[in-house]
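Let me begin by presenting the structure, written as structure tokens, before commenting on it.
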Amino acid sequence: MTSPETSLDDARYDFHMIEQRWQPVWADKQPFRSCDVDDERPTKYVLDMFPYPSGDLHMGHAEAYALGDVISRYWTLKGFNVLHPIGWDSFGLPAENAAIKRGVDPAGWTEANIAQQRTSMERYACSFDWDRVLMTHRPEYYRWNQWIFTRLFDRGLAYRKPSLVNWCPFDQTVLANEQVVAGLCERCDTPVTKKKLTQWYFKVTDYADELLDGLETLRETWPSKVIAMQRNWIGRSRGADVQFVIEGRKAPIPIYTTRPDTLFGATFMVVAVDSDLAAELLADTDEATKAEFAAYAEKVKGDTEIERLSTERPKTGVFLSRYAINPVNGERLPIWASDYVLADYGHGAIMAVPAHDQRDLDFARAMGLPVRTVLDCRDDDGNPLPDPVESGVATVGDGTLINSGSINGLDKADAITAIVAELEKAGTASASVNYRLRDWLISRQRYWGTPIPIVHCDACGEVPVPDDQLPVTLPPTAGLDLKPKGQSPLAAATDWVNTTCPTCGGAALRDTDTMDTFVDSSWYFLRFLSPHKSDGPFDVDEAKKWAPIDQYVGGVTHAILHLLYARFFTKALRDMGMIDFGEPFTALLNQGMVQMDGSAMSKSRGNLVSLAAQLDEFGVDAIRLTMSFAGPPEDDIDWADVSPAGSAKFLARAWRLARDVTSEPGVDPAEGDRDLRAVTHRTLSEAFELVESFRFNVVVARVMELVNATRKAIDTGVGAADPAVREAAEVVATLLSLFAPYCAEDMWSMLGHEDLVALSGLPEVDDALLVQDSVTCVVQVMGKVRDRLEVSPNATEDELRDLALASPTVQRAMGGAPVRTVIVRPPGLVNVVVNT
RNA sequence: GCCCCCGUAGCCCAACUGGCAGAGGCAGCCGACUUAAAAUCGGCACAGUGCGGGUUCAAAUCCCGCCGGGGGCACCA
């Protein structure tokens with residue numbers, strides 16, 4: 001007699017025990033290594049965005065890695081050699097700030113966090129290839145940032161220029177345009193100001209057209225939202241450059257406009273107050289104007305981005321006492337300087353057409369400048385729109401040209417074509433394209449980043465550090481003050497800064513800035529292909545084998561920044577001949593965020609859910625399953641709305657199926673119950689398509705149905721010994737291995753298998769089992785359901801029509817009215833339409 | 001201001017892309033098992049798809065207009 005404690009029948013699902021059972025097995029077998037050179041399986045590269053090591057993993061990581069793992073494990077099951085690597089984006093401000101706050105070494109802090117995250121990832125059963133780990137703060141990684149930098153420098157894609165830059169007064173560092181969110185520093189929410197500095201840039205704008213047009217090729221496989229955001233960000237606009245002669249200046253100056261059709265409506269010109277052009281025009285004007293301008297320029301400089309971006313901000317400016325000549329009619333236009341014109345867009349100067357541009361109208365009204373209407377604009381009913389002078393609202397839409405000389409009577413499109421052609425002939429205009437996108441400012445005045453590999457030599461200028469002197473390693477923090485102070489902490493490392501010029505051997509100084517950490521993440525996906533390579537950033541042949549990435553998984557927070565930069569790097573590396581593709585991420589999945597009670601989790605809100613506590617309470621599998629089952633992957637999950645306890649309950653229910661199966665491994669399923677087999681095979685066949693379209697929540701629901709059907713078969717149907725029950729339990733284990741790897745392995749092993757279910761492959765779908773004996777055909781009369789018929793799935797249209805019309809309930813519903821038409825959609829639907 | 005996405009049972013979500021509104025789950029209720037509870041098993045109930053029009057034999061699905069929620073861009077000429 002068996003005691004209740006040891007009886008298999010009474011064995012209980014104990015996730016703690018199961019986790020402890022499988023962790024050492026996986027650690028030993030390393031089932032997800034992908035570097036076996038003899039592996040002949042086709043390849044898939046699945047990549048989760050690598051984490052920043054700012055602490056232990058949190059709920060957001062748990063969602064991202066759960067979903068990425070479903071995809072990765074699916075392709076492994078499907079028979080692919082899947083590359084699913086992980087690393088750490090380990091340079092950046094948080095480590096440095098922690099170092100400043102607690103006096104610890106940023107490297108030590110970073111490595112400790114990485115160790116903790118790695119342990120958590122292993123517990124979380126992430127199917128990573130642990131032989132390919134990379135960390136961007138290690139010299140063996142950032143060396144290749146420097147190497148790539150020098151290549152970009154050689155090609156003119158990395159350059160230094162003085163410019164007004166975004167400046168965070170709190171972090172005391174410059175920020176890329178992309179890191180300024182609504183006028184605030186992305187990191188610390190301090191209002192951003194402008195500062196004139198000489199900084200390093202990557203010439204992203206060289207690829208503006210390709211970055212935009214390349215989005216077309218991603219239309220099917222990237223979220224349309226991300227494509228729209230990138231398109232918006234690049235902001236291509238087509239228009240014309242028009243040359244305006246300036247009185248008292250030799251060369252004319254170009255302005256950019258998208259509306260050359262409104263040239264006759266120009267009544268003044270505006271130059272950006274902070275542009276070189278304004279300064280130049282000012283030089284030849286009177287002292288009073290100079291003084292007024294100087295005061296204005298000073299005031300503008302002190303304004304924060306927030307103030308500058310405010311829409312209610314009244315228009316301000318200074319008349320420069322200079323005049324431009326309108327090329328279409330020879331009119332004298334006063335030239336003003338204002339901050340509403342941007343120095344770094346177009347040519348830093350505009351023609352102002354107040355009647356048909358709201359900003360120009362606001363300015364004209366503030367300064368008492370004339371307004372001339374040159375478009376006859378109508379509303380939807382054909383009534384003329386109110387005069388901008390009276391209404392204060394510029395008419396910015398299409399319209400028929402008036403008061404416009406040669407182009408009178410034309411519509412917008414024709415007028416643009418005509419006037420540009422006319423001016424082109426005269427040599428005073430040309431078609432032109434502009435972008436909202438700016439070059440990428442990569443200099444950072446901080447310690448914890450990649451040193452810029454440039455030596456400044458009085459004799460030779462900017463000299464890139466030669467390959468054999470890379471990496472330029474960070475000096476030790478000892479003796480350095482890492483606190484932000486507007487200058488890089490590296491400048492204080494005198495021994496490090498003072499060097500010799502690689503070209504002439506004379507005394508020279510190292511560049512003391514470090515690179516934006518987005519440089520690190522712009523090519524890390526290539527480093528994963530050969531992470532230990534010591535004579536190049538990545539192996540070209542490995543790149544041919546694996547890249548580009550088949551499936552990228554990560555948060556939508558990186559929709560612009562990281563993805564745009566990575567695309568730029570990919571195109572630049574392609575043009576260097578190192579890779580043969582231009583888009584790094586063939587497909588992209590954006591997972592949503594995990595929230596709590598309707599808002600993002602944060603310590604300050606007091607709604608932080610601890611991942612570790614959740615894992616302790618419900619188990620890894622239940623948390624992973626909850627992440628997959630909560631809804632579509634791209635939707636946010638509110639943790640208050642989902643039930644990890646329910647997930648755990650379901651896993652226990654599934655696990656008990658394996659426990660209850662009494663047949664031996666290898667029994668022929670064909671001898672099993674056909675009805676259960678039909679459910680099993682339908683589940684299987686649907687699951688493939690559902691996983692591939694990322695409908696993980698539906699897959700889980702289907703597996704739940706299969707579990708329910710199998711339970712029923714065991715308890716009240718064919719019984720636990722039926723081969724179909726074993727088949728069903730095995731399919732449950734296989735499919736669950738995508739979501740709940742511990743439970744799945746334990747089931748697989750209970751079912752008598754020696755191998756790992758994660759590597760066992762997907763069973764074949766038996767199409768014969770998908771065919772149903774009969775289907776329910778719904779019969780409608782005038783769209784209302786009146787009867788249901790059990791029919792053969794092969795019934796023809798004629799048969800169905802006759803059957804439907806013969807039905808007594810249908811005839812009653814028709815009430816004797818003559819049939820107009822009968823819509824038949826075999827085998828499921830007949831709709832009888834009658835004359836009424 | 002411009003552009004985009006989403007509104008289906010109390011809650012999270014399905015619905016072959018125009019064809020029976022309901023797959024799965026949570027919460028709820030009832031029953032079985034139990035001395036009792038937990039666990040387990042079985043069952044039940046709940047919306048006519050945000051609102052108003054339109055197209056169609058047929059609309060959650062397509063079109064138009066509102067309402068509500070979310071997101072992106074925004075002095076880019």
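Given the structure is predicted, the values throughout are model-derived calculations rather than measurements. What's counted below: heavy atoms across the whole structure, side chains too, no hydrogens, waters or symmetry copies. In what follows, chains carry the letters A, B, and so on, assigned in the order in which the sequence lines appear, proteins first and then strands, with residues in each chain numbered from 1.
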Practice problem: Could you check whether the rings of Y13(A) and F15(A) sit parallel, tilted or perpendicular, using 30° and 60° as the cut-offs? | Solution: tilted
Nearest atoms (heavy-atom pairs only) where [X] meets [Y]:
{"X": "G392(A)", "Y": "R365(A)", "answer": "CA-NH1, 3.3 Å"}
{"X": "T205(A)", "Y": "R438(A)", "answer": "CG2-C, 3.7 Å"}
{"X": "P354(A)", "Y": "G265(A)", "answer": "CD-O, 3.9 Å"}

Rounded to whole Å, how long is the line connecting atom [atom1] of [X] with atom [atom2] of [N]?
{"X": "D14(A)", "N": "rA38(B)", "atom1": "CG", "atom2": "P", "answer": "21 Å"}
{"X": "I637(A)", "N": "rC13(B)", "atom1": "CD1", "atom2": "C1'", "answer": "12 Å"}
{"X": "R659(A)", "N": "rA39(B)", "atom1": "CZ", "atom2": "C1'", "answer": "11 Å"}
{"X": "Q358(A)", "N": "rC75(B)", "atom1": "CD", "atom2": "P", "answer": "14 Å"}
{"X": "R219(A)", "N": "rC4(B)", "atom1": "CZ", "atom2": "P", "answer": "13 Å"}

Quiz item: By side chain to side chain donor-acceptor pair (under 3.5 Å), which residues pair with S647(A), not counting sequence neighbours?
Solution: T626(A)
Practice problem: List for me each residue that meets side chain to side chain donor-acceptor pair (under 3.5 Å) alongside D362(A), sequence neighbours excluded, and say none if there are none. | Solution: Q358(A)
Quiz item: Who does rC29(B) pair with, Watson-Crick or G-U, both distances under 3.5 Å?
Solution: rG43(B)
Self-check item: Residue matched to rC73(B) through Watson-Crick or wobble contacts both under 3.5 angstrom
Solution: rG1(B)
For the side chain of [X], counting heavy atoms from C-beta on, which of [options] is nearest?
{"X": "R656(A)", "options": "rA77(B), rA23(B), rC41(B)", "answer": "rC41(B)"}
{"X": "R711(A)", "options": "rC75(B), rG72(B), rG42(B)", "answer": "rG42(B)"}
{"X": "K315(A)", "options": "rA15(B), rC73(B), rC75(B)", "answer": "rC75(B)"}
{"X": "M229(A)", "options": "rG72(B), rA77(B), rA14(B)", "answer": "rG72(B)"}
{"X": "F629(A)", "options": "rC75(B), rG25(B), rA15(B)", "answer": "rG25(B)"}
{"X": "R695(A)", "options": "rC13(B), rA15(B), rA77(B)", "answer": "rA15(B)"}
{"X": "V698(A)", "options": "rA14(B), rG72(B), rA39(B)", "answer": "rA14(B)"}

Exercise. Scan side-chain atoms only and decide if S807(A) and D787(A) contain a donor-acceptor pair under the 3.5 Å cut-off.
Key: yes
Quiz prompt | Side-chain donor-acceptor pair present, D241(A), S430(A), cut-off under 3.5 Å | solution = no
Quiz prompt | Set of ring pair (Phe, Tyr, Trp, His ring centres under 6.0 Å) partners for F363(A), sequence neighbours left out | solution = F268(A), W336(A), Y340(A)
Quiz item: Given rC75(B), is OP1 or OP2 found less than 4.0 Å from the side-chain N or O atoms of S338(A)?
Solution: no
When you compare the protein's N or O atoms with those of nucleotides 9-11 of chain B, which come within less than 3.5 Å of each other, and at what distance?
none

So for atom [atom1], which belongs to [X], do other residues, nucleotides or ligands contribute more than 12 heavy atoms lying within a distance under 6.0 Å?
{"X": "E689(A)", "atom1": "CD", "answer": "no"}
{"X": "K299(A)", "atom1": "NZ", "answer": "yes"}
{"X": "E220(A)", "atom1": "CD", "answer": "no"}

Could you tell me whether [X] contacts a base, only the sugar-phosphate backbone, or nothing, with contacts defined as non-hydrogen atoms closer than 4.0 Å?
{"X": "V822(A)", "value": "nothing"}
{"X": "N708(A)", "value": "sugar-phosphate"}
{"X": "R653(A)", "value": "sugar-phosphate"}
{"X": "A228(A)", "value": "nothing"}

What does the list of N/O pairs under 3.5 Å between the protein and nucleotides 56-61 of chain B look like, with a distance for each?
{"from": "rC57(B)", "atom 1": "O2'", "to": "N831(A)", "atom 2": "ND2", "distance (Å)": "3.3"}
{"from": "rC57(B)", "atom 1": "O2", "to": "N831(A)", "atom 2": "ND2", "distance (Å)": "2.4"}

Give me the distances for all protein-to-nucleotides 27-30 of chain B N/O pairs that come in under 3.5 Å?
none

